[in-house]
Amino acid sequence: MKLSAAALFEILERSIQTDIYTHTKQSLNTENFEGFEYIKYFANGDQALIRIDQYDPAQTYYYSTHTDKNRILVKYEIQPVDEKSCVLHYTEEIDSHGFLQKINDTLVGYIWGYLKKKRFHEMLRQMENLSDQ
């Protein structure tokens, strides 16, 4: 990415803090991120427990989303290249509860995977553009 590891984490920190405040009305320092849990409510009425599993500034950010249907583990692993760029490794693992949910998640993953990946790349481009300003 055309963004330093520190700049990428600064954007992630603001996003995390905004999400936490939106759903809990709590302002949290980055030192308190790791292990923090909160309930997130979605527009469709669903809710999930969000837990920040690991937070190591400019290196790793792992969080998990727990619902009655599945658990999703998201990992951001950042490797600095130089002062102005980094490599981002993003992974997402879904552990579905029940056979039918596993089939559903697999099908949805194939169908929506392309669009999700496209949106993710657009988000990364927007992050790079933020650092240019």
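Rounding to the nearest 0.5 Å places CZ of F33 at 13.0 Å from CG of D56. We find the CD-CG distance between E13 and L8 to be 10.0 Å, quoted to the nearest 0.5 Å. Taking CD of E10 as the start and OG1 of T30 as the end, the distance is 11.0 Å to the nearest 0.5 Å. Taking NZ from K69 and CG from D95, the interatomic distance works out to 15.5 Å, rounded to the nearest 0.5 Å.
Both L88 and V74 are members of a single hydrophobic cluster when ILVMFWY side chains are connected at heavy-atom separations under 4.5 Å. Under a hydrophobic-cluster definition in which Ile, Leu, Val, Met, Phe, Trp and Tyr are linked whenever side-chain heavy atoms come within less than 4.5 Å, directly or via other members, Y38 and Y61 are assigned to the same cluster. Residues I16 and L28 are members of one and the same hydrophobic cluster, defined by side-chain heavy-atom contacts under 4.5 angstrom among Ile, Leu, Val, Met, Phe, Trp and Tyr. Both L3 and Y90 are part of a single hydrophobic cluster, where members link through side-chain heavy atoms under 4.5 Å apart.
Using a 4.5 Å cut-off on side-chain heavy atoms (C-beta onward), R51 and S64 make contact. At a threshold of 4.5 Å between non-hydrogen side-chain atoms, the residues M1 and C86 count as touching. The shortest side-chain heavy-atom distance between E92 and I72 falls under the 4.5 Å cut-off.
Counted by atom type alone, T60 and Q54 present one or more donor-acceptor pairs between their side chains at under 3.5 Å. Side-chain atoms of S85 and D82 include a donor-acceptor pair closer than 3.5 Å.
Tested against I50, the residues I20, I39, T65 include a single side chain to side chain contact (heavy atoms under 4.5 Å, CB included) partner, T65.
Residues N29 and Q17 come closest through the heavy atom pair CA-NE2, 4.4 Å. E34 approaches D53 most closely through the heavy-atom pair CG-O, 3.6 Å. Closest non-hydrogen pair, S4 versus A7, comes out as OG-N, 3.0 Å. In terms of heavy-atom proximity, P80 sits nearest to I78 at CD-O, 4.0 Å. Shown here for Y41 and Q47, the closest heavy-atom pair between the two residues is CE2-OE1, 2.9 Å. When all heavy atoms are compared, the tightest approach of H89 to V87 is NE2-CG1, 3.6 Å.
A donor-acceptor distance shorter than 3.5 angstrom exists from the side chain of N44 to the backbone of D46, with no hydrogens or angles considered. Although no hydrogens or angles enter the test, the distance criterion places no donor-acceptor pair under 3.5 Å between the side chain of S15 and the main chain of I11.
For an aromatic pair to be called close, the ring centres must be under 6.0 Å apart, and Y55 with F9 satisfies this.
Annotation: E122, atom CD; neighbour count of heavy atoms from other residues, nucleotides and ligands within 6.0 Å is above 12.
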